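Remarks on the structure that follows.
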Amino acid sequence: MERQKFTITGFYDKKRDGKKITMLTAYDYPMARLVDEAGIDSILVGDSLGMVVLGYESTVPVTMDEMIHHSKAVRRATRYAFLIGDMPFMSYQVSKEEAVRNAGRFMKEAGCDAVKLEGGYEVLEVTKAILNAGIPVLGHLGLTPQTISKLGGYRIQGKSAEAAKKILDQALELEKAGCFSIVLECVPDSVAKLITEKLRIPTIGIGAGVNCDGQVLVTNDMVGLFDRFVPKFVKQYVKLSTSISQGIKNFKEEVETSKFPDEKHSFAIKEDELEKLRKK
Ligand code: KIV
């Protein structure tokens, strides 16, 4: 059967059928093409962009304009995957109006299919306003990197019964508000399993164990392109940084010893033309 575009109903169908949802991040055209062509269900233009591509210390400095610029490039490469734009810090906290306007930019300017925003109770009204504008919303609970300062560092969330219950209650509120799915980041497996069982909408885990309805990873972590630090939950399926760095060293060495470019990588003109040229 010819591959169909993955739509919002695909999320619900997969949960109903007990099939896993696959999601990866992308920030530019070539990576988005690879992710899309590999058959991944959904691409998230994550604000992890700030750390793995733009070199910021955290996701906090990422701006709307940076997100839109990168989302547009990803859109150009994405034919089948469901495309989600990640709303950066302070693009949805100031007012409902501003949040709706910024969510709208992801849809109108970048051609996204949905937006994601971090938080529970504190973003409930904003989430409803965005949904009322006809924009699908992916929730994000557990470790929420934009508020890392408030959380006191990158650490597992929901370790006590009370903290886990708070995540569950917020997940139920986000579901009630109309979110189509929720990312659970860095929560214990058993807590993620319980939340997944209680929700009708699918959960997408990152550092939340195998029982979520789907999994997401930051692609640059997963392919070994970003190794400033590698979180415990990241599995590196390949280590691209090693091969890229070897290739660069080989290039340097071959240029410095005049091995590159060789005949195979150069252009020639016919001998008689060369002769004429020499006589000019
Ligand atoms: O920004 C991001 O890449 C994310 C994922 C880790 C879920 O939010």
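Numbering of ligands and ligand atoms starts at 1, following listing order. Start at 1 with the first residue, then count along the sequence. All figures in this text were calculated on a predicted structure; none of them were measured in a lab.
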Return a yes/no value for Glu185: is any of its N or O atoms, backbone included, closer than 3.5 angstrom to an N or O of ligand 1?
no
Please state which protein non-hydrogen atom is closest to atom 4 (C) of ligand 1 and give its distance, to 0.1 Å?
Leu44 CD2, 3.7 Å
Quick one: do Lys249 and Glu253 make a salt bridge, cutoff under 4.0 Å?
no
Got a salt bridge between Lys239 and Asp227, using NZ or NE/NH1/NH2 to carboxylate O under 4.0 Å?
yes
Decide whether the shortest distance between a heavy atom of Glu118 and an atom of ligand 1 is less than 4.0 Å.
no
Hey, are Asp65 and Arg105 close enough for a salt bridge, meaning a charged N less than 4.0 Å from a carboxylate O?
yes
Nearest to atom 8 (O) of ligand 1, what protein heavy atom do you find, and at what distance?
Lys116 NZ, 3.0 Å
For ligand 1, the portion of Leu217 having any non-hydrogen atom under 4.0 Å away:
neither
Specify the protein heavy atom at minimum distance from atom 6 (C) of ligand 1: its residue, its atom name, and the distance to 0.1 Å.
Ile206 CD1, 3.5 Å
At under 4.0 Å between heavy atoms, what of Asp86 touches ligand 1? The answer is side chain
Between Thr25 and ligand 1, which part of the residue brings a heavy atom under 4.0 Å of the ligand: side chain, backbone, both or neither?
side chain
Testing His140, Gln215, Met23 one by one against Ile204 for a side-chain contact (heavy atoms from CB on, under 4.5 Å), which residue passes?
Met23
Protein contact of atom 3 (O) of ligand 1 - nearest heavy atom, named by residue and atom, plus distance
Ser48 OG, 2.5 Å
Salt bridge Lys165-Glu162, side-chain N to carboxylate O under 4.0 Å:
no
By number and element, which atoms of ligand 1 are closer than 4.0 Å to a non-hydrogen atom of His140?
8 (O)
SB check Asp41 Lys19 (cutoff 4.0 Å)
no
Report yes or no: does Arg33 contribute a side-chain atom to a donor-acceptor pair with the main-chain N or O of Asp36 at less than 3.5 Å?
no
Can you list the atoms of ligand 1 that are under 4.0 Å from a heavy atom of Gly46?
1 (O), 2 (C), 3 (O)
Which label fits His265 and Phe260: parallel for a plane angle under 30°, tilted from 30 to 60°, or perpendicular past 60°?
tilted
